[in-house]
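Take a look at the structure set out below.
Only this structure's heavy atoms are used, side chains among them; waters, hydrogens and symmetry mates stay out. What you are looking at is a predicted structure, and each value in this text was computed from that prediction instead of being measured.
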Amino acid sequence: MLNTVDLARLTDTLGYHRYWVPEHHGMRGVASSAPAVLIAHLANNTHNLRLGSGAVLLPNHPPVVIAEQFATLTALHPNRIDLGIGRAPGGPKSAVEAVRPEESRTATPFHTQLQELQNHLHHPETKAIPARGDNPPPIWLLGSSTTSAALAATLGLPYAYAHHLNPPAAAEALHHYRATFNPTPKPQPPPP
């Protein structure tokens, strides 16, 4: 973890704009099981970097918990937090099952989980505390397929392609994202 802090400090002094940390479980030597905790520590040890998750794996968590964590980070570090969301499991099966069993991870479709997260951050009726009255962090969708690119484009979300996971599909996914991007997506209604 100390190497992560040192690298973040270096990138901050070199003038880089963003520094993101992933969520993975059961990986020795990688400080990535709790992105929100690590981002808070990095924000306290840097001055200018936008810090974010690359990505929080939404199926592993209730959307309201992610909204509360990242709204809190944004309240503590205004204009410095990005919320990258992904849907991959994030580690070996035994570790992922310990985080959240498959039946819980897949009980609700990913696009519905993402809508719920957006509702918690943006709609007055369901806003996560302390997001109420604050600017919520921007949500980025991360993915390695045209499916994730299409979802990001439809929702008008920024998209980051995970090239290291699927290099052959990069050009097609990014082309699809750019060609179908909707800068003014239809607002999603809050849940009942």
- Atom NE2 of His47: over 12 foreign heavy atoms under 6.0 Å: no

- Query: Nearest heavy-atom pair of Ala149 and Ala173: which atoms, and what distance?
  - Reply: CB-O, 3.3 Å

- More than 12 non-hydrogen atoms from neighbouring residues, nucleotides or ligands closer than 6.0 Å to CG on Asn44, yes or no? yes

- Note on the structure: Residues pairing under side-chain hydrogen bond (donor to acceptor under 3.5 Å, both in side chains) where one sits in residues 24-33, two or more places apart or in two chains, turn out to be Glu23-His25

- Reported CG-to-CD1 distance for the pair Leu155 and Ile139, which is rounded to 0.5 angstrom: 9.5 Å

- Query: Under the side-chain hydrogen bond (donor to acceptor under 3.5 Å, both in side chains) rule, what pairs show up with a residue in residues 5-15, not counting sequence neighbours?
  - Reply: Arg9-Asn45

- Item | Step-by-step side chain to side chain contact (heavy atoms under 4.5 Å, CB included) determination, Phe70 to Val65 | CA-CA 9 Å; Phe70 278 79; Val65 172; over 6 Å; no

- Item | By side chain to side chain contact (heavy atoms under 4.5 Å, CB included) - contacts of Arg80 (at least two apart) | Ala43, Thr46, Leu49, Leu51, His77

Atom pairs and distances, side-chain donor-acceptor, residues 101-109, under 3.5 Å, sequence neighbours left out:
unit_1	atom_1	unit_2	atom_2	d
Arg105	NH1	Glu97	OE2	3.3
Arg105	NH1	Arg100	O	2.6
Thr106	OG1	Glu102	O	2.8

- Query: Quick one: which of Leu83, Leu57, Val21 gives a side-chain contact (heavy atoms from CB on, under 4.5 Å) with Pro35?
  - Reply: Val21

- Apply side chain to side chain contact (heavy atoms under 4.5 Å, CB included) to the pair Asn48 and Tyr16, showing each step before the final yes or no. CA-CA 9 Å; Asn48 301 306; Tyr16 283 86; over 6 Å; no

- Task: Carefully, step by step, assess His175 and Thr180 under the rule side chain to side chain contact (heavy atoms under 4.5 Å, CB included).
- Result: CA-CA 9 Å; His175 173 75; Thr180 62; over 6 Å; no

- Item | Exercise: identify the closest heavy-atom pair between Pro59 and Gly86 | CD-O, 3.6 Å

- Could you tell me which non-hydrogen atom of Ser148 sits nearest to which non-hydrogen atom of Tyr159, and how far apart they are? OG-OH, 2.9 Å

- Message: Clusters formed by hydrophobic residues whose side-chain heavy atoms approach within less than 4.5 Å: which one holds Trp20, and what are its other members?
- Response: Trp140, Leu142

- Task: Might you point out which heavy atoms bring Ile81 and Pro137 nearest each other, and give the distance in Å?
- Result: O-CB, 3.7 Å

- With sequence neighbours left out, write down each residue that passes side-chain hydrogen bond (donor to acceptor under 3.5 Å, both in side chains) with Gln69, or none if nothing qualifies. none

- Specify the closest pair of heavy atoms between His41 and Val5, including all atoms of both residues, with the distance to one decimal. CD2-CG2, 3.4 Å

- Note on the structure: All heavy atoms of His120 vs all of Ala67, minimum pair found to be CB-CB, 3.6 Å

- Leu117 with Val99, same ILVMFWY side-chain cluster at under 4.5 Å: no

- Message: Could you walk me through whether Leu114 and Leu58 satisfy the side chain to side chain contact (heavy atoms under 4.5 Å, CB included) test, starting with their C-alpha distance in whole Å, then the side-chain angles of each, then the deciding distance to 0.1 Å, before giving a yes or no?
- Response: CA-CA 8 Å; Leu114 183 57; Leu58 183 55; 4.1 Å; yes

- Message: Please report the interatomic distance CG(Leu42) to CG(Leu7), rounded to the nearest 0.5 Å.
- Response: 9.5 Å

- To the nearest 0.5 Å, how far apart are CG in Leu157 and CD in Gln118? 5.0 Å

- Message: Just to verify, what does Phe110 make a ring pair (Phe, Tyr, Trp, His ring centres under 6.0 Å) with, not counting sequence neighbours?
- Response: none

- Query: Donor-acceptor pair, Asn60 side chain versus Pro89 backbone, under 3.5 Å?
  - Reply: yes

- Non-neighbouring partners of Arg178 that pass side-chain hydrogen bond (donor to acceptor under 3.5 Å, both in side chains), sequence neighbours left out: none

Tell me which donor-acceptor pairs under 3.5 Å the side chains of residues 162-172 have, and how far apart each pair is, sequence neighbours excluded?
unit_1	atom_1	unit_2	atom_2	d
Asn166	ND2	Ser144	O	3.0

- Interatomic spacing from CG in Leu151 to OG1 in Thr146 - rounded to 0.5 Å: 11.5 Å

- Same apolar cluster (I L V M F W Y, side chains within < 4.5 Å links), Leu76/Ile66: no

- Contacts satisfying salt bridge (charged side-chain N to carboxylate O under 4.0 Å, His left out) that involve residues 44-59 (not counting sequence neighbours) are Arg50-Asp82

- Message: Restricting to side-chain hydrogen bond (donor to acceptor under 3.5 Å, both in side chains), what partner residues turn up for Tyr161, sequence neighbours left out?
- Response: none

- The complete set of salt bridge (charged side-chain N to carboxylate O under 4.0 Å, His left out) pairs with one or both residues in residues 138-159, sequence neighbours excluded, reads none

- Note on the structure: In this structure, NE2 of His61 is separated from CD of Glu68 (nearest 0.5 Å) by 13.5 Å

